Amino acid sequence: MACRFEVLLSGERAAHTAAARRALDEVDRIEADLTVFRETSALSHVNREASDGPVAVDADLFEILALGREISDRTGGAFDITSTPLSRCWGFLRRQGRLPHQEEIDRARALVGMSGVELDAERRTVRFASPGIELNLGSLGKGYAVGRMAHVLREEGVDAALLSAGGSSVFALGGDADGWRVDLNSLQVARGPLAQLYLRNVALATSGAGEQFVDVKGTRYGHVLDPRTGWPASGILSASVVTREPSVADALSTAFLVGGLALAQQYCASYPDTLAILTPDDGTGRPRLFGTCDGASVKTFSGTST
């Protein structure tokens, strides 16, 4: 997943260090199963074989694929785990960005969409409608791994810890009455924290527009692609989401970066316990806040809430 995973324990819980190490070992197992960068992974096997017929997968992989379909449906396709052909077309899959011709984008888009992926819950199989479809769980993987880490820690009796993946996916396990303090920052906004949050038994995920990009004649094209158009998402500098489940927060932060303020507002109104903080690319640097999540409180906020 190309990032650092961490478990933060308070000093009085030093006895839980061994449990924290076991939680980090769980990340290694997940990486081995879900990455597209290892030919031996379960996901790579699906990508190779599912266009020839149904491929049986384990319960964990089927669960995350089903979640990917659900979030895609909820967000009108702004989130899509089949967008690998577009990432390859733009060169972002191997960090070699380029500006493709529209014909290339159109060919890649023809392979994108969860309608081309058949999930059989009874047989727990995956099948692709045509060759060329590929699944990539990069927009879900960190959150899913953080959620599994929290599960391991709870089983080990750990009642308070702050889990982090690359600084962009966080889960606050327990904590004191207020919870864990997390300052929300954005590399795309040159200023202080966007917000100061206190989190308890909830997840926070942030997606930004400037982590990878290609510059063509002074125009910057970011690596987060809109699967509905095939072009890089625009209009939002950063999107942060707080929900109960780390994998859902991870997916929604990507979806809202693509779908913008309108999608975030609509989603948070429709699905309780979803808090979103988006910074529009309007020159003000002021974030917008939508929804609420039980277990999360915003102590300071540098924007104007809605």
Side-chain angles (χ1 to χ4, degrees), residues 63-64 66-81 114 137 139-147 150 162-165 168-175 178-186 193-209 224 226-228 233 235-280 286-306:
E63 176 188 359
I64 195 171
L67 176 62
R69 177 187 294 283
E70 181 180 352
I71 299 298
S72 178
D73 290 344
R74 288 185 182 185
T75 61
F79 176 81
D80 201 307
I81 59 175
M114 287 302 294
L137 301 175
S139 51
L140 273 173
K142 285 192 296 183
Y144 180 77
V146 167
L162 186 66
L163 317 181
S164 172
S168 61
S169 295
V170 171
F171 185 78
L173 175 61
D178 288 332
W180 292 88
R181 172 182 163 176
V182 177
D183 288 344
L184 183 61
N185 298 284
S186 172
L194 300 177
Q196 183 185 102
L197 307 176
Y198 282 82
L199 308 177
R200 181 179 174 85
N201 295 321
V202 292
L204 164 69
T206 298
S207 293
V224 179
D226 186 338
R228 303 165 301 181
I236 300 295
L237 295 175
S238 68
S240 299
V241 177
V242 180
T243 65
R244 294 287 184 183
E245 293 296 327
S247 53
V248 174
D250 212 8
L252 290 179
S253 68
T254 299
F256 294 168
L257 190 70
V258 170
L261 301 177
L263 176 60
Q265 184 175 34
Q266 177 185 4
Y267 189 99
C268 291
S270 300
Y271 296 94
D273 270 353
T274 306
L275 169 66
I277 300 174
L278 275 65
T279 307
R286 286 206 310 257
R288 302 280 298 280
L289 187 148
F290 303 93
T292 61
C293 183
D294 190 24
S297 60
V298 181
K299 295 298 185 183
T300 61
F301 183 59
S302 63
T304 303
S305 63
T306 61

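Computed from a predicted structure; not experimentally measured. Hydrogens, waters and symmetry mates play no part in the numbers below; they use all other heavy atoms, side chains included.
Using a 4.5 Å heavy-atom threshold, the side chains of Val241 and Phe256 count as touching. Leu173 places none of its side-chain heavy atoms less than 4.5 Å from the side chain of Trp180. Side-chain contact between Leu204 and Ser240 is present, with at least one heavy-atom pair separated by less than 4.5 Å.
To the nearest 0.5 Å, atoms CG (Leu184) and CD (Gln196) are separated by 11.0 Å. In this structure, CG on Leu137 lies 5.5 Å from CD1 on Ile81, to the nearest 0.5 angstrom. The CZ atom of Phe79 lies 13.0 Å from the CZ atom of Arg228; values are rounded to the nearest 0.5 Å. In this structure, Thr254 OG1 and Leu140 CG are separated by 8.0 Å, a value rounded to the nearest 0.5 Å.
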Contacts under 3.5 angstrom, residues 270-278 side chains, donor-acceptor by atom type, not counting sequence neighbours:
residue: Ser270; atom: OG; partner: Gln266; partner atom: O; Å: 3.0
residue: Asp273; atom: OD1; partner: Asp294; partner atom: N; Å: 3.0
residue: Thr274; atom: OG1; partner: Tyr271; partner atom: O; Å: 3.1

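In this structure, Ser207 and Ser253 approach most closely via the heavy-atom pair OG-OG, 2.8 Å.
Shown here are the salt bridge (Lys or Arg N to Asp or Glu O under 4.0 Å) partners of Asp73, two or more places apart in sequence or in another chain: there are none. Qualifying salt bridge (Lys or Arg N to Asp or Glu O under 4.0 Å) partners for Glu63, counting only residues two or more places apart in sequence or in other chains: none.
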_Set out, in order, the CA-CA distance, both residues' side-chain angles and the distance that settles side-chain contact (heavy atoms from CB on, under 4.5 Å) for Leu194 and Ser238, then state yes or no._
CA-CA 10 Å; Leu194 300 177; Ser238 68; 3.8 Å; yes

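Each of Leu162, Leu163, Val202 was evaluated against Val170; a single residue qualifies, Leu162, per the side-chain contact (heavy atoms from CB on, under 4.5 Å) test.
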